[in-house]
Amino acid sequence: VTTGNLGFAEANATTINYDDLAVTTINNSRMANATDIKLAATLIHEAIHAWLSYYFNNEEPNNIYDEYVEYYNAYINQEALANNLGHNAMADVFRDRIKNAIQAYGESKGYVIDDFVYEALAWGGLTETENGLVHPKFIEYIPNANTRSQILNILNAERHNQLGFGNAVPKGQQTCN
């Protein structure tokens, strides 16, 4: 894990795989004021990118879990960009696990946070496509526009560590810069 300035319009972080090594760069331009729980959520998201990339590039198809077969086949057939493919897998398969991991982190810090906030944090990085459109999986799983707005407000409140995004109040603490 490293930090760098990837630009404000870019992602919160990016992960690049080099054979058996994954390098995650946290985007200082976007995450400088983020709360610790937002940073934890981002690292969990990027760890899944690293694992999926390694897994799909190095494992034999017969060893892959049944729930990942659809993604493996799409990846091999290059039917989707690897990043979007990873985001689809996260939305479909890993979102609850991401939420549980973020919640475990929050509880380890002594935070008392509503379950909806953990659910919102699990959507981090999964709400938009690479061209800035609303991600189809976000609409599929969260069909109510008001609920999607609440999730986006929570994500922004945690990323900026400030009020001013609807009624969302940051729950985490300022990270060390």
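Everything numeric here is computed off the predicted structure, so don't read it as measured data.
Note that CG of N156 is 8.5 Å distant from NZ of K38, once rounded to the nearest 0.5 Å. Atom CE of M90 and atom NE2 of H45 lie 4.0 Å apart (nearest 0.5 Å). Atoms NE2 and CD, on H135 and E140 in that order, are 10.0 Å from each other to the nearest 0.5 Å. Atom CD1 of I37 is separated from atom CD1 of I154 by 11.0 Å, given to the nearest 0.5 angstrom. How far CG of N12 is from CG of L39: 9.5 Å, rounded to the nearest 0.5 Å. If you take CG on N100 and CD on E107, they are separated by 9.5 Å, rounding to the nearest 0.5 Å.
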Self-check item: K137 vs N88, side chain to side chain contact (heavy atoms under 4.5 Å, CB included): CA-CA, chis, key distance, verdict
Solution: CA-CA 7 Å; K137 294 291 182 179; N88 288 344; 3.6 Å; yes
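Ring planes of F138 and W123: tilted class, angle from 30 to 60°.
For the pair R148 and I139, the minimum side-chain heavy-atom distance is below 4.5 Å. Proximity of Q174 to D36: side-chain heavy atoms (C-beta onward) are nowhere separated by under 4.5 Å. Using a 4.5 Å cut-off on side-chain heavy atoms (C-beta onward), I26 and V1 make contact.
Under the 3.5 Å distance criterion, the side-chain polar atoms of S149 are left unmatched by any main-chain donor or acceptor of A145. A donor-acceptor pair under 3.5 Å links the side-chain atoms of E158 to the main chain of K171, judged by distance alone.
For D115, the CG atom is densely surrounded, since the number of other residues' heavy atoms within 6.0 Å is greater than 12.
Between E46 and the options T25, T15, T24, a side-chain hydrogen bond (donor to acceptor under 3.5 Å, both in side chains) holds for only T15.
Follow the hydrophobic side-chain contacts under 4.5 Å out from F116 and you reach Y105 in the same cluster. Each of V169 and I113 belongs to its own hydrophobic cluster when Ile, Leu, Val, Met, Phe, Trp and Tyr are linked at side-chain heavy-atom distances under 4.5 angstrom. There is a path of hydrophobic side-chain contacts, each under 4.5 Å, that joins I16 to L21.
Under the ring pair (Phe, Tyr, Trp, His ring centres under 6.0 Å) criterion, F165 pairs with H160, sequence neighbours left out.
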